[in-house]
Amino acid sequence: MEKRVRVRFAPSPTGGLHMGGVRTALFNYLFAKRHKGDFILRIEDTDQTRFVEGAEEYIINALTWCGIPPNEGVGFGNGKHAPYRQSERKDLGIYKTYAERLIESGHAYYAFDTSEELDEMRKRLEAAKVVAPQYNAVTRQTMRNSLTLPEDEVKRLLEAETPHVVRLKVPRNEDIRFHDIIRGWVVVNSAQVDDKVLLKSDGMPTYHLAHIVDDIEMEISHAVRGEEWLPSAPAHILIYKYLGLENDMPKLAHLPLILNPDGHGKISKREARFPVFPLSWQDPREATPYLGYKEAGYYPEAFVNILALLGWNPGNNEEIFSVDELAALFDFERVHKSGAKFDPEKAKWFNQQYLRKKSDEELADAFEPFLKEKGFSVEKPFLMAFCRLVKEKVQFVHEFWEQGKYVFVAPEAYDEKVLSKKWKENSKESFTALMTAFSNLKNWDVSSITTCFHAVEAEKGKLDMQVLRVLITGVAGGPQLFDMLELIGKTAVSDRMKQALEKLD
RNA sequence: GGCCCGUUCGUCUAGGGGUUAGGACACGUCCCUUUCACGGAUGAAACACGGGUUCGAUUCCCGUACGGGCUACCA
């Protein structure tokens, strides 16, 4: 019988959760949904030195904003496997029990080496032209551990509470073979694996031990994580094996990384030319906050959509998917092996697709605060009409201002390019006639404006619409002109034309 | 350096032993439009290289190159 699908997202609270992390969370969420399983948030706070205030809360908020909330875990309700913070689980003695099991079966040992001694060992090896110095089957024989020290000495050190770690005893030369859902079979020789620290001298487990213990205890069915974990997977396989849990271990899936658009490497927060965090992140150690996708004007649906298509796609030409649609389609079979460079331009396009689906009312409500900030306040129906007109031109709500501010403010300058090309000898006369005709109009709506415009043209000859646009708005482009005129209003249009015609000869 | 993973247009990708190698973003052109967009059409643009295997390889295998990851008492 297949195990119930239970997956986890297990970040460490060492900073803001960036988009790579969100993508990992997303794939976990999607997979859980698809199989009607559980999605768990576990906080891996085993490194006290890297703990960052506010990070955990940020992670919870970010997942919530993205619309991919876990249904179990820190911040999302306790299941029967609480607690979900590793620091709390450590206090329960969970990890120590497993570490002791490994020691008893001879697969782990105590090591008393100080960090100075470890440094010395590395230096010595480097001097001897060893390219990758590591604590392993060979070097452990020269170090101070329960494998080299006399039994009574070890006992004495332990009783004296001498600082020590517990290390995994990795065999010297043994092929470790494991299966990854995305990558297939991977084989690594144990000579490449060092004797990983399982329990640190402060009593905390390392990631390597802790995640295995928790995945087992929490009945995790699939361990889905970033590709950066692939090299340590062989050590993890060994731990499962030595614990006798090979058959209970979760299936492994290592996700491809999200890479920087132009430069190299995985995406980093320093890149700064586009947001890397879902929500703005203020690191307590830094002065300036990082802008998030939310603050940049992205819809969470768009953000999630973008992320979903980085390293996965449904196999057809469709690109716009809601989270629910993604969940119905998602499959590790279709997850790529190679990393994907993130394209900020396409990200904007995605947001535009979602913006266009919004109603005029939603857009008006969203834009209102921006307008207010600029010092304007208008009736809702007016703002809705405004949004209807301008929405085709924007990718973000805040762009409504830049793209349509002339509806609210009379222009101070007029597009030189258009005027130098299209402003003719008789332009002033014809547009003055148009202005007069406009001011005599009884009804101020698109059809009256259109009729009036044509009537003046019949009398005075062709009137250039782009010139008219420039006279009213100052700029060469914008939404449907006559609709704009209607919106701006008869009085304002007349005033603006008058002002413009006075400035132009 | 070592180990591991990868490699289709600039980017995200579809495809897969025989295809005019498809789509999307960005870019160019045209149509629609008395303005501006949207929209539509269209163009340029890719199988990293070298060896195999095969009647045939972009697709399978091996090398090379390139890219990425890891190489901590960090995750």
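Naming: A, B, ... by sequence-line order, numbering from 1 per chain.
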Is a donor from one side chain sitting under 3.5 angstrom from an acceptor on the other, for [X] and [Y]?
{"X": "A/Tyr98", "Y": "A/Glu217", "result": "yes"}
{"X": "A/Asn189", "Y": "A/Asp175", "result": "yes"}
{"X": "A/Glu362", "Y": "A/Ser359", "result": "yes"}
{"X": "A/His211", "Y": "A/Arg42", "result": "no"}

Rounded distance in Å - [atom1] ([X]) to [atom2] ([N]):
{"X": "A/Trp229", "N": "B/C3", "atom1": "CH2", "atom2": "P", "answer": "22 Å"}
{"X": "A/Asp415", "N": "B/C36", "atom1": "CG", "atom2": "P", "answer": "11 Å"}
{"X": "A/Asn313", "N": "B/G22", "atom1": "CG", "atom2": "P", "answer": "17 Å"}
{"X": "A/Gln134", "N": "B/G2", "atom1": "CD", "atom2": "C1'", "answer": "10 Å"}
{"X": "A/Glu228", "N": "B/A72", "atom1": "CD", "atom2": "C1'", "answer": "16 Å"}
{"X": "A/Ile306", "N": "B/A24", "atom1": "CD1", "atom2": "P", "answer": "18 Å"}
{"X": "A/His254", "N": "B/G68", "atom1": "NE2", "atom2": "C1'", "answer": "15 Å"}
{"X": "A/Leu125", "N": "B/U71", "atom1": "CG", "atom2": "C1'", "answer": "14 Å"}

With side chain to side chain contact (heavy atoms under 4.5 Å, CB included) as the criterion, how do A/Asp195 and A/Leu168 come out once you've worked through the C-alpha distance, each side chain's angles and the decisive distance to 0.1 Å?
CA-CA 5 Å; A/Asp195 284 3; A/Leu168 181 67; 5.5 Å; no
Select base, sugar-phosphate, or nothing to describe what [X] touches, counting heavy atoms under 4.0 Å on all strands.
{"X": "A/Ser232", "value": "nothing"}
{"X": "A/Gly311", "value": "sugar-phosphate"}
{"X": "A/Asp202", "value": "nothing"}
{"X": "A/Phe350", "value": "nothing"}
{"X": "A/Leu468", "value": "nothing"}
{"X": "A/His164", "value": "nothing"}
{"X": "A/Leu257", "value": "sugar-phosphate"}
{"X": "A/Gly477", "value": "sugar-phosphate"}
{"X": "A/Thr14", "value": "nothing"}
{"X": "A/Val186", "value": "sugar-phosphate"}

For a quick test of reading the model: is some side-chain N or O of [X] closer than 4.0 Å to OP1 or OP2 of [N]?
{"X": "A/Arg183", "N": "B/G6", "result": "no"}
{"X": "A/Lys266", "N": "B/C70", "result": "yes"}
{"X": "A/Thr46", "N": "B/A75", "result": "yes"}
{"X": "A/Lys200", "N": "B/C74", "result": "yes"}
{"X": "A/Lys341", "N": "B/U11", "result": "yes"}
{"X": "A/Arg225", "N": "B/C70", "result": "no"}

Applying a 3.5 Å limit to both distances, which nucleotide forms a Watson-Crick or G-U wobble pair with B/C70?
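Across all strands, the one nucleotide that pairs with B/C70 is B/G2.
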Kindly say whether the aromatic ring centers of A/Phe396 and A/Tyr298 come within a distance under 6.0 Å.
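For A/Phe396 and A/Tyr298, the ring centres are under 6.0 Å apart.
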After noting the C-alpha distance and the side-chain angles of A/Glu227 and A/Lys337, does the key distance pass the salt bridge (Lys or Arg N to Asp or Glu O under 4.0 Å) rule?
CA-CA 9 Å; A/Glu227 191 185 356; A/Lys337 295 182 173 76; over 6 Å; no
Is there a donor and acceptor pair, one atom on the side chain of [X] and one on the base of [N], closer than 3.5 Å?
{"X": "A/Lys346", "N": "B/A24", "answer": "yes"}
{"X": "A/Ser201", "N": "B/C73", "answer": "yes"}
{"X": "A/Arg50", "N": "B/C74", "answer": "yes"}

From the options [options], select the nucleotide whose nearest atom is closest to the side chain of [X].
{"X": "A/His336", "options": "B/C12, B/U13, B/C4", "result": "B/U13"}
{"X": "A/Arg122", "options": "B/A75, B/C4, B/C73", "result": "B/C73"}
{"X": "A/Glu227", "options": "B/G23, B/C5, B/A37", "result": "B/C5"}
{"X": "A/Asn317", "options": "B/G2, B/C4, B/G23", "result": "B/G23"}
{"X": "A/Ala132", "options": "B/C25, B/C3, B/G1", "result": "B/G1"}
{"X": "A/Gln466", "options": "B/C36, B/C73, B/C12", "result": "B/C36"}
{"X": "A/Val131", "options": "B/G68, B/G6, B/G2", "result": "B/G2"}
{"X": "A/Arg356", "options": "B/C4, B/C38, B/C73", "result": "B/C38"}
{"X": "A/Gln192", "options": "B/C5, B/G68, B/C3", "result": "B/C3"}
{"X": "A/Trp349", "options": "B/C73, B/A37, B/A24", "result": "B/A24"}

Which atoms form the tightest heavy-atom contact between A/Ile237 and A/Phe178, and what is the distance?
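Heavy atoms of A/Ile237 and A/Phe178 come nearest at CD1-CB, 3.5 Å.
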For [N] and [M], measure between their [atom1] atoms and round to the nearest Å.
{"N": "B/A21", "M": "B/C47", "atom1": "P", "value": "12 Å"}
{"N": "B/C30", "M": "B/A44", "atom1": "P", "value": "16 Å"}
{"N": "B/A26", "M": "B/G52", "atom1": "C1'", "value": "40 Å"}
{"N": "B/C5", "M": "B/C62", "atom1": "P", "value": "11 Å"}
{"N": "B/C70", "M": "B/U8", "atom1": "C1'", "value": "27 Å"}
{"N": "B/G67", "M": "B/U53", "atom1": "C1'", "value": "28 Å"}
{"N": "B/A14", "M": "B/C9", "atom1": "C1'", "value": "13 Å"}
{"N": "B/C27", "M": "B/C38", "atom1": "P", "value": "10 Å"}

Parallel, tilted or perpendicular, as decided by the 30° and 60° cut-offs, for the rings of A/His236 and A/Trp229
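Ring orientation of A/Trp229 relative to A/His236: tilted.
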